[in-house]
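Computed from heavy atoms alone, side chains included, the values below leave out hydrogens, waters and symmetry copies.
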2 protein chains.
Amino acid sequence: MNIGQDAYKVTWLVRRLFRAMAESADSYLGNNGLTAADRAVMEFLYPDTRLTVPDIARRYQVSRQHVQVTVNRLLDTELLINVENPRHKRSSLLRLTQQGRELFASIRRHEGALLDDIFAGLKPEEVAVTRRTLETLLGHFLETHHD
Amino acid sequence: MNIGQDAYKVTWLVRRLFRAMAESADSYLGNNGLTAADRAVMEFLYPDTRLTVPDIARRYQVSRQHVQVTVNRLLDTELLINVENPRHKRSSLLRLTQQGRELFASIRRHEGALLDDIFAGLKPEEVAVTRRTLETLLGHFLETHHD
DNA sequence: TTGATAATGACAACTTAATTGTCATTATCA
DNA sequence: TGATAATGACAATTAAGTTGTCATTATCAA
């Protein structure tokens, strides 16, 4: 019974957990001089994917101008480099530098350790159920709001 | 097995679901000329709680100046009224007007219907497991990041 | 009771992470 | 080839906050 109570609480928890996760991420990314947008861009390129700015913008679902600014900052700090794009002269491909790849790998390790800690003690089946439930919810949310 | 994969996916889903929920909320709140901050403030006062601006700021964990602006807007649109504060002459208590209470109730009904839709088809046990899992995660996140 | 300290509302400036608009340049394709 | 679309750069704007400051008003310890 009372699925309504649990349903409401689940949505509340999603909101609260998002905030807690964002704070935690801001803190360890900030220690490396990165923003959340930097991390997102780097994730698209890790470990050795080559994409243009508009490619990343389409995948990240964010304006290309915003990605451009983020990418330019990462080029300045030499976490990314331009590589020639055979398909387009002006729009070069972006690639992680060795330094960028190592930094992202260390971020991944940090996140992995954090998750291990945080998920320790939960039963695998419970986590699997949670995953499936959230996937279902996301599906419904996206189709209800159809975007 | 692979709790690691599920763990990572759960955190991804929390982020994605948060965005989907926020978009959906912005859309129906916007239809009523409200922002997310307006809704949050109204929730603290619903159905008939009386709080001052600094009280709300402390509970909402947000600066009192920001709450002040939000509250002033809600006073302008007559969704809130000031009532005298026996404990403080300058800092009056805030209360929902009849109109404000009705609007918030209708928002609640809308949200309830949306949740019923979205959670229909999920088994109550699954939702309960999800709730407990997310509660555990939140607990760990808060103590790990200790705030 | 008073006098130092804290709380409050108002206002302004700033911040962050984004968006939208515009331009010149360069690609693409019918 | 010529119209249309894509790209990078730059600027202005936006949303939802924060921080700083001021004058006023409370509160509390001596």
**Report entry** Heavy-atom donor-acceptor pair, B:Asn85 side chain to B:Ser91 backbone, under 3.5 Å
**Finding:** yes
Query raised in the report: Starting at CG of B:Leu94 and ending at C1' of C:dT8, how long is that distance when rounded to a whole Å?
Result: 13 Å
Query raised in the report: For B:Gln68 and C:dA12, what is the distance between atoms CD and P respectively, to the nearest whole Å?
Result: 14 Å
Query raised in the report: So what's C:dC29 paired with, Watson-Crick or G-U wobble, going by both distances under 3.5 Å?
Result: D:dG2
Query raised in the report: With a distance cut-off below 6.0 Å to the six-membered ring centre and an angular limit of 45° from the axis, does A:Arg108 pair with B:Tyr8 as a cation-pi contact?
Result: yes
Query raised in the report: To the nearest Å, how far apart are A:Leu93 CG and D:dA6 C1'?
Result: 15 Å
Query raised in the report: What string of B, S and - do you get for nucleotides 14-25 of chain D, 5' to 3', if B is base contact, S is sugar-phosphate-only contact and - is no contact with any protein heavy atom under 4.0 Å?
Result: ---SBBBB--BS
**Report entry** Side-chain N,O (B:Asn72) to OP1/OP2 (C:dG9) below 4.0 Å
**Finding:** no
Query raised in the report: Between C:dT16 atom C1' and A:Leu29 atom CG, what is the distance in whole Å?
Result: 15 Å
Requested in this report: Output the distance between atom OG1 (B:Thr133) and atom CZ (A:Arg131), rounded to the nearest 0.5 Å.
Outcome: 14.0 Å
Report summary line: All heavy atoms of B:Leu45 vs all of B:Leu80, minimum pair found to be CD1-CD2, 3.6 Å
Query raised in the report: Separation of A:Glu84 atom CD from D:dT7 atom P, in whole Å?
Result: 17 Å
Report task. Quick one: look up who D:dA16 pairs with, Watson-Crick or G-U, both distances under 3.5 Å, and put none if it's unpaired. Result -> C:dT15
Query raised in the report: What are the two closest heavy atoms between B:Pro47 and B:Leu96, and how far apart are they?
Result: O-CD1, 4.0 Å
Query raised in the report: Whole-Å distance between C:dT16 C1' and A:Leu34 CG?
Result: 16 Å
Query raised in the report: Rounding to a whole Å, what distance do you find between A:Arg73:CZ and C:dA18:C1'?
Result: 11 Å
Query raised in the report: Backbone N or O of A:Thr35 within a donor-acceptor pair of the A:Asp38 side chain at under 3.5 Å?
Result: yes
